[in-house]
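Here's the structure we're looking at; comments come further down.
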Amino acid sequence: MSSSSSSSSVTLKSLTATLGFPFGVAVGGPGDGDNIFAPANAAMQSVVSSQFDLVVAGNIMKMSYLEPTQNGFTFTDADNLVTWAQTNHLLVHGHTLIWHSAYQVPTFMSNAPDGPTLQSMLDNHIQTIVSHFATNFPGEVVSWDVVNEAFNDDGSYRNADPNGSIFYQKLGSAYIENAFKTARAADSNAKLYYNDYNIEWSTTKLNAVLAMVDDFKNRNIPIDGVGFQMHVSLTFPDINTIKNSLAAVAAKGLMVRISELDVAVDQNGSIANETTLDSTTAALQKQRYHDIVKAYLDAVPLAQRGGITVWGLVDGYSWLTGFEGHPEWPLLFNNDLTTKPAFDGVVQALQGL
Ligand code: G3I
């Protein structure tokens, strides 16, 4: 059965124009299967530029991509992406200045002999990268994930291995506030976000993030918003939980982004042998996307909407296939770049339907 949508030619960006926030998409660059600059993927470029307001680099603006060796900054691929975005009237959200995740951390940082050395490496990393884009592309990189995934699901700071943070181990939580201060000093206009997963359902984890936000505000540490990665499934978490979590951040007066949205349809592997998304599941996914976008519109006041970004363009290149070991069909577009029912669900929610 086909999961193609019969939707009209309405575009996401035509709808967000009146809603006051950008609708974005994570795109691939060199090294990624969905590299939009690969000749085979050229058709992705017109879909991205005609549908979306903003792009995020799925990988090529992470730590080890931009500074693989100490002070050996490699901006070429990221500059090409930002130039392309600027030419096509798309904004850019920077992802991500600090992330503990294994191979994203440059070896020279992992090998830093002591805390002060590591802190100065982080300061230099953030200062150089943020000012590079602010200087060369003024107003183009409108926001940054300053720190990504610093908390465990139990609300403690990510510390011990496995999946630990070398940054916390060497610096304690101070590396987080230092990162925000350095980013703000390098670009006073870009919005600065803390970004994490599972905070749309784990009250414990969300409360830890909110406590950090309160502490930052009390001590005048700059932070503009919180990004909810929102890697969710068809049924979990329930929509009221999502809405309440978004509202809790909005109640702090912060900007709220849905930063990496995707909706996995097959987390127990029950339809893993299917080669296309069946129409029943596609319809459930359409409703789910609709409900999440509506929850965002309901829970976040216009002035606090940092936007919604989906984590990839077409299903076939979603990170979830490798992560789950089978297809999840989690995105808005089929591999042939036709829209899915999920796309219509988003459109309808943006239309207030
Ligand atoms: O670049 C190499 C390539 O040379 C090699 O041939 C290929 C073979 O596996 O691997 C390529 O690297 C992959 C890289 O993506 C680039 O495509 C890595 O193996 C792969 O692990 C990496 O996955 C990325 C993952 O972050 C880890 O960095 C995903 O594409 C990306 O979607 C995912 O995004 C993260 C967010 O940054 C943070 N939140 C969670 C989200 C999903 O994990």
Side-chain angles (χ1 to χ4, degrees), residues 31-32 56-75 77-78 93-132 144-186 192-199 202 204-206 208-209 211-213 215-216 219 221-223 226-227 229 231 259-260 311 319 322-323:
D32 298 325
V56 183
N59 282 302
I60 65 168
M61 288 170 73
K62 291 174 180 171
M63 303 187 83
S64 62
Y65 286 78
L66 291 184
E67 194 186 5
T69 59
Q70 190 167 11
N71 268 314
F73 288 92
T74 51
F75 284 117
D77 291 339
H93 171 82
H95 174 82
T96 172
L97 295 170
I98 295 192
W99 190 23
H100 70 279
S101 181
Y103 87 106
Q104 308 298 346
V105 180
T107 312
F108 74 89
M109 287 191 191
S110 311
N111 293 338
D114 52 38
T117 307
L118 179 60
Q119 184 62 65
S120 70
M121 288 169 172
L122 290 175
D123 295 346
N124 183 57
H125 182 81
I126 294 170
Q127 199 280 329
T128 305
I129 291 169
V130 174
S131 35
H132 170 87
W144 283 97
D145 290 331
V146 178
V147 177
N148 190 39
E149 303 175 5
F151 288 96
N152 294 308
D153 285 356
D154 69 2
S156 59
Y157 285 107
R158 191 184 291 277
N159 182 4
D161 292 320
N163 301 318
S165 166
I166 182 78
F167 308 119
Y168 188 88
Q169 289 160 13
K170 283 221 162 75
L171 299 165
S173 63
Y175 81 90
I176 304 175
E177 63 195 71
N178 290 340
F180 278 88
K181 286 193 274 192
T182 305
R184 175 54 46 86
L192 306 180
Y193 284 84
Y194 175 76
N195 193 54
D196 215 327
Y197 61 84
N198 290 352
I199 52 174
S202 169
T204 311
K205 188 171 189 175
L206 180 60
V209 173
M212 179 185 74
V213 166
D215 173 49
F216 279 16
R219 295 188 295 119
I221 311 290
I223 182 168
V226 171
Q229 292 188 9
H231 298 292
S259 56
E260 304 181 13
W311 203 244
W319 71 284
F323 186 72

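We number each residue from 1, following the sequence as shown.
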Does [Y] offer a backbone N or O that forms a donor-acceptor pair with the side chain of [X] under 3.5 Å?
X: Ser64; Y: Tyr103; result: yes
X: Thr182; Y: Ala179; result: no
X: Lys170; Y: Ala112; result: yes
X: Tyr194; Y: Val213; result: no
X: His100; Y: Phe167; result: no
X: Ser101; Y: Gln104; result: no

From [atom1] ([X]) to [atom2] ([Y]), nearest 0.5 Å:
X: Ile60; Y: Asp77; atom1: CD1; atom2: CG; answer: 5.0 Å
X: Ile223; Y: Phe180; atom1: CD1; atom2: CZ; answer: 4.0 Å
X: Asp145; Y: Trp99; atom1: CG; atom2: CH2; answer: 10.5 Å
X: Asp196; Y: Lys205; atom1: CG; atom2: NZ; answer: 4.0 Å
X: Ser259; Y: Asn148; atom1: OG; atom2: CG; answer: 7.5 Å
X: Asn159; Y: Gln169; atom1: CG; atom2: CD; answer: 5.5 Å

[X] versus [Y], closest heavy-atom pair with distance:
X: Ile199; Y: Gly227; value: CD1-O, 3.7 Å
X: Ile129; Y: Leu97; value: CG2-CD2, 3.9 Å
X: His95; Y: Gly58; value: CD2-O, 4.5 Å
X: Val226; Y: Tyr193; value: N-CD2, 3.5 Å
X: Gly115; Y: Leu171; value: O-CD2, 3.2 Å
X: Ser165; Y: Arg158; value: CB-O, 3.4 Å

Give the intermediate values and the outcome of side chain to side chain contact (heavy atoms under 4.5 Å, CB included) for residues Leu122 and Met63. CA-CA 10 Å; Leu122 290 175; Met63 303 187 83; 3.8 Å; yes

Take Phe108 and Glu67, measure what side chain to side chain contact (heavy atoms under 4.5 Å, CB included) needs, and give me the verdict at the end. CA-CA 10 Å; Phe108 74 89; Glu67 194 186 5; 3.5 Å; yes

Residues Tyr175, Leu118; criterion side chain to side chain contact (heavy atoms under 4.5 Å, CB included); working and verdict: CA-CA 9 Å; Tyr175 81 90; Leu118 179 60; over 6 Å; no

If only side-chain N and O atoms count, and only distance matters, is there a donor-acceptor pair under 3.5 Å linking Asn124 with Gln70? no

Tell me yes or no: between the side chains of Ser156 and Asn152, is some donor less than 3.5 Å from an acceptor? yes

When you measure from the centre of the six-membered ring of Phe216, is the NZ or CZ of Lys181 closer than 6.0 Å and no more than 45° off the axis? no

Positive for side chain to side chain contact (heavy atoms under 4.5 Å, CB included) with Asn195, one of His93, Glu260, Glu149: Glu260

Kindly write out the residues that satisfy ring pair (Phe, Tyr, Trp, His ring centres under 6.0 Å) with Tyr65, not counting sequence neighbours, or none if the list is empty. none

Show your reasoning for whether side chain to side chain contact (heavy atoms under 4.5 Å, CB included) applies to Met109 and Ile166. CA-CA 9 Å; Met109 287 191 191; Ile166 182 78; over 6 Å; no

Distance flag, aromatic centroids of Phe73 and His132, threshold under 6.0 Å: no

